[in-house]
Amino acid sequence: MKIYNTLSQKKEEFIPLEEGKVRMYVCGPTVYNYIHIGNARPAIIFDTLRRYLEYRGYEVNFVSNFTDVDDKIIKKANEEGVSATEISERYIKEFRTDMIALNVREATLHPKATQEIDGMVEMIEDLIKKGHAYEKNGTVYFRTRSFKNYGKLSKKKLDDLEAGIRIAVSDEKEDPMDFVLWKPKKEGEPSWPAPWSDGRPGWHIECSVMSRKYLGEQIDIHAGGEDLVFPHHENEIAQSEAANGKEFARYWMHNAFLNIDNKKMSKSEGNFFTVREICELYDPQVLRFFMLNSHYRSPLNFSKDLVESAKNSLTRILTSIGQLEHLMESGTLKREFISSDEQLLLAEAEALNTKFIDALDDDFNTADAIAAIFELVKLANTNCSAQSSSEFVKTIHERLVNLCQILGLETTKEEDLLDADIEKLIEDRQTARKNKDFAKSDQIRNLLLEKGIVLEDTREGVRWKRS
RNA sequence: GGCGACAUAGCCAAGUGGUAAGGCUCCGGUCUGCAACACCGUCACCACCAGUUCAAAUCUGGUUGUCGCCUCCA
């Protein structure tokens with residue numbers, strides 16, 4: 001398997017530190033609000049990557065943190081007049097709700113920054129001891145110049161950065177590019193005791209500490225949105241490698257941004273959707289499919305039309321699978337043994353399976369993998385009928401479902417239990433059709449349509465599905 | 001100013017040397033009582049210019065355009 005490594009800016013063969021095992025860390029959300037669809041991109045992408053690695057036989061230790069202490073959380077808490085903990089716990093819960101909707105699995109572990117303060121204090125002390133950090137008036141800074149590889153991920157030079165500096169330079173800092181590891185508390189802020197001051201950690205230190213604690217000093221994959229490359233990941237590298245004296249992460253993966261109507265999402269522009277909002281309009285699976293239908297390193301545009309298109313595409317796959325299930329359940333498949341023609345088609349299906357795997361092996365090309373699924377759908381739609389052998393239909397169905405599952409796309413019908421009422425209406429309609437009472441049959445169909453039930457009169461009988 | 005991406009049909013999107021996957025939409029047809037689903041068919045001179053090569057969307061140089069990071073941000 002090849003992975004594009006931001007560090008080398010090349011696709012590299014993926015070789016884990018320990019054979020058969022993958023240690024993976026993905027920077028998680030700062031929990032101060034509902035997540036937006038931009039946040040959903042890395043969540044879906046890297047959940048799918050994890051599923052694929054597992055499919056390929058790796059044991060994946062997947063850690064993703066919650067940043068539950070931060071300026072934005074404190075601000076929100078003060079606005080509402082509640083504690084920061086109340087805010088963070090509330091939105092951790094909401095985050096989980098969204099993840100379940102998107103079919104994103106729980107990480108192996110979701111550590112919270114506030115539960116790891118001891119470890120952070122320890123690492124900061126160690127960095128001071130090693131000359132990589134210093135304290136001024138209760139604040140501890142990382143001594144950027146002391147880490148000679150600073151900038152290796154983002155390909156920035158310290159001197160260039162300083163030339164373009166836009167942040168207010170603090171007199172306390174030895175160098176404008178030094179960043180905060182620990183800061184003293186201000187009035188009304190949560191704080192923890194530490195040798196330098198009662199205060200709280202800087203943003204970057206938490207990931208260094210949590211990934212070391214739960215995955216070890218060296219990890220295989222560290223992932224996140226491309227905006228995290230600088231400064232967050234660059235600073236993590238500096239902290240971790242300065243403290244541990246060895247390479248931190250082997251492969252750095254970054255997803256490109258999601259834009260809305262070709263513009264960057266921002267609250268001031270108002271072009272902003274939460275996952276919750278989109279899930280009210282569409283099946284969350286549509287959002288998942290939408291994200292996977294393009295390469296994770298390409299910028300992706302989001303608009304209602306594009307989601308609508310994704311919805312139609314996904315429906316094509318699900319309809320086909322539903323049709324296969326209908327064939328298998330309806331008892332119309334009389335023949336058991338596979339014909340020679342079917343044998344050839346199964347070989348084609350096998351080739352498409354390989355195409356799917358090859359695509360994902362090549363820097364996780366989900367768009368290409370999905371193309372293979374569509375080709376299999378075409379094969380199924382064209383060749384599976386009442387005349388097919390049951391074994392053939394079953395095999396094609398398994399293949400299709402399996403590929404969808406690797407991508408985390410659910411193919412099972414949500415509710416198989418037909419309301420007796422609906423069943424009755426469909427029967428009535430069939431009777432009306434036999435009697436050529438089309439006015440009545442259309443009336444029933446429209447009635448069902450209003451309830452979100454779409455009928456399809458296939459050769460093998462009437463099928464229905466929720467729109 | 002520094003660093004880095006990207007530019008393929010109406011739309012989305014694969015494709016890193018051998019004359020363009022896949023999806024959506026439109027149109028024509030088959031199927032259907034009609035519709036939906038499905039199937040068949042039609043739809044690309046790969047931003048521009050120059051170069052390398054027997055051969056380039058694919059490599060090199062340049063031009064134009066779009067975007068991201070450098071500040072909290074997925």
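So that the names make sense, note that chain A is the first sequence line, chain B the second, and so on, each numbered from 1. Remember, it's a predicted structure, so these values are computed and weren't measured experimentally.
- The residue A:Q9 sits close only to the backbone: its heavy atoms come under 4.0 Å of sugar-phosphate atoms, none of a base.
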N/O donor to acceptor pairs below 3.5 angstrom from side-chain atoms of residues 443-453 of chain A, sequence neighbours left out:
from, atom 1, to, atom 2, distance (Å)
A:R445, NH2, A:D442, OD1, 3.3
A:N446, ND2, A:D442, O, 3.2

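- Salt-bridge annotation for A:R143 and A:D178: absent, with no side-chain N of the basic residue lying under 4.0 Å from a carboxylate O of the acidic one.
- Side-chain proximity of A:E226 to the nucleotides B:G68, B:C70, B:A13 is greatest for B:G68.
- B:A74 and B:C39 have their C1' atoms separated by 42 Å, given to the nearest Å.
- Electrostatic pairing of A:E189 and A:K75 does not count as a salt bridge here, judged by no charged N lying under 4.0 Å from a carboxylate O.
- A heavy atom lying under 4.0 Å from RNA chain B marks the following residues of residues 302-319 of chain A, by number: A:L306, A:S309, A:N312, A:S313, A:R316, A:T319.
- Between A:D368 atom CG and B:A13 atom P the separation is 14 Å, expressed in whole Å.
- With 3.5 Å as the limit, one finds no donor-acceptor pair spanning the side chains of A:Q323 and A:T319.
- Within 6.0 Å of atom NZ in A:K152, more than 12 heavy atoms from other residues, nucleotides or ligands are found, so the atom counts as buried in its surroundings.
- Within 4.0 Å (heavy atoms only), A:S294 reaches sugar-phosphate atoms of the nucleic acid but no base atom.
- B:A7 and B:C59 have their P atoms separated by 10 Å, given to the nearest Å.
- When only modelled atom types and interatomic distance are considered, A:E308 and A:Y282 share a side-chain donor-acceptor pair under 3.5 Å.
- Rounded to whole Å, atom C1' of B:A74 lies 14 Å from atom CZ of A:F66.
- Remark: the separation of the P atoms in B:A21 and B:C31 is 30 Å, to the nearest Å.
- Salt bridge status for A:D47 with A:R51: present, with a side-chain N to carboxylate O gap under 4.0 Å.
- Relative to the side chain of A:K11, the nucleotides B:C70, B:A14, B:U16 differ in distance, and B:U16 lies closest.
- Distance noted for atom C1' between B:U19 and B:C70: 43 Å (whole Å).
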When Watson-Crick pairs (N1 to N3 and N6-O4 or O6-N4) and G-U wobble pairs (N1-O2 and O6-N3) count only below 3.5 Å on both distances, what is the dot-bracket string of RNA chain B, with | for other-strand pairs?
((((((((.[[[..)......]]]..((((.......)))).....(((((.......))))))))))))....

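- Nucleic acid contact class of A:H295 (heavy atoms, under 4.0 Å, all strands): sugar-phosphate only.
- If you check every strand for non-hydrogen atoms under 4.0 Å, A:I35 touches nothing.
- For the C1' atoms, the distance linking B:G10 with B:G2 amounts to 39 Å, nearest Å.
- Under the rule for a salt bridge (charged side-chain N to carboxylate O under 4.0 Å, His left out), the partners of A:K72 that lie at least two apart in sequence or sit in another chain are A:D70.
- One atom, CG of A:L292, and another, P of B:A14, lie 12 Å apart when rounded to the nearest Å.
- Distances from the side chain of A:A367 to the nucleotides B:A74, B:A14, B:C72 place B:A14 closest.
- Of the candidate nucleotides B:A74, B:G22, B:C70, B:G22 has the atom nearest to the side chain of A:F374.
- Comparing B:A74, B:G22, B:C40 by their nearest atom to the side chain of A:D227 picks out B:A74.
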Using a cut-off of under 3.5 Å, enumerate the N/O to N/O pairs linking the protein to nucleotides 28-34 of chain B.
from, atom 1, to, atom 2, distance (Å)
B:G33, O6, A:R433, NE, 3.3
B:G33, O6, A:S441, OG, 3.4
B:G33, N1, A:D442, OD1, 3.2
B:G33, N2, A:D442, OD2, 3.1
B:C34, O2, A:R445, NH2, 2.8
B:C34, N3, A:R445, NH1, 3.1
B:C34, N3, A:R445, NH2, 3.3
B:C34, N4, A:D457, OD2, 3.2

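- Taking atom P in both B:C46 and B:A9, the straight-line distance is 9 Å, to the nearest Å.
- Atom CG in A:L300 sits roughly 15 Å away from atom C1' in B:G68 (whole-Å rounding).
- Using a 4.0 Å heavy-atom criterion, one finds that A:N381 contacts the sugar-phosphate atoms exclusively.
- Ring planes of A:H110 and A:F95: perpendicular class, angle over 60° (limits at 30 and 60°).
- Whole-Å rounding puts the A:M177 CE to B:C69 C1' distance at 12 Å.
- A salt bridge links A:R96 and A:E106; the closest N-O separation between the charged side-chain nitrogens and carboxylate oxygens is under 4.0 Å.
- If you check every strand for non-hydrogen atoms under 4.0 Å, A:K355 touches sugar and phosphate atoms only.
- With sequence neighbours excluded, the residues satisfying ring pair (Phe, Tyr, Trp, His ring centres under 6.0 Å) with A:F290 are A:F302.
- In this structure, A:N365 reaches the B:G15 phosphate: one of its side-chain N or O atoms is under 4.0 Å from OP1 or OP2.
- Side-chain nitrogen and oxygen atoms of A:W203 include at least one within less than 4.0 Å of the OP1 or OP2 phosphate oxygen of B:C73.
- A:S208 and A:E236 are not linked by any side-chain donor-acceptor pair at a separation below 3.5 angstrom, with hydrogens and angles left out of the test.
- At the heavy-atom level, A:I373 lies nowhere under 4.0 Å from the strands shown.
- Residue A:K155 has no polar side-chain atom (N or O) positioned under 4.0 Å from OP1 or OP2 of B:G68.
- Residue A:F230 is classed as a sugar-phosphate contact, given heavy-atom separations below 4.0 Å to backbone atoms only.
- Atoms OH (A:Y91) and P (B:C73) sit 19 Å apart, rounded to a whole Å.
- Atoms CG (A:N301) and P (B:G68) sit 12 Å apart, rounded to a whole Å.
- Annotation: A:Y251 is in aromatic contact with A:F14 [ring centroid separation under 6.0 Å].
- A:R288 and A:Q285 are not linked by any side-chain donor-acceptor pair at a separation below 3.5 angstrom, with hydrogens and angles left out of the test.
- Among the nucleotides B:C37, B:A74, B:C72, the one closest to the side chain of A:E456 is B:C37.
- Rounded to whole Å, the P atom of B:U52 lies 28 Å from the corresponding atom of B:G65.
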Could you walk me through whether A:Y34 and A:Y91 pass the ring pair (Phe, Tyr, Trp, His ring centres under 6.0 Å) test, one step at a time?
CA-CA 6 Å; A:Y34 292 100; A:Y91 289 110; 5.6 Å; yes

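- Comparing B:A74, B:G22, B:A14 by their closest approach to the side chain of A:F257 singles out B:A74.
- Between A:S385 and B:A38 there is no side-chain N or O to OP1 or OP2 distance below 4.0 Å.
- Residue A:G38 is in base contact, counting any heavy-atom pair closer than 4.0 Å across all strands shown.
- Toward the 5' end of RNA chain B, the nearer of the two residues A:S298 and A:Y4, judged by each one's closest nucleotide, is A:Y4.
- Residue A:F273 contributes atom CZ, which lies 23 Å from atom P of B:C73 at whole-angstrom precision.
- The same atom, C1', is picked in B:A56 and in B:A35; the two are 48 Å apart, to the nearest Å.
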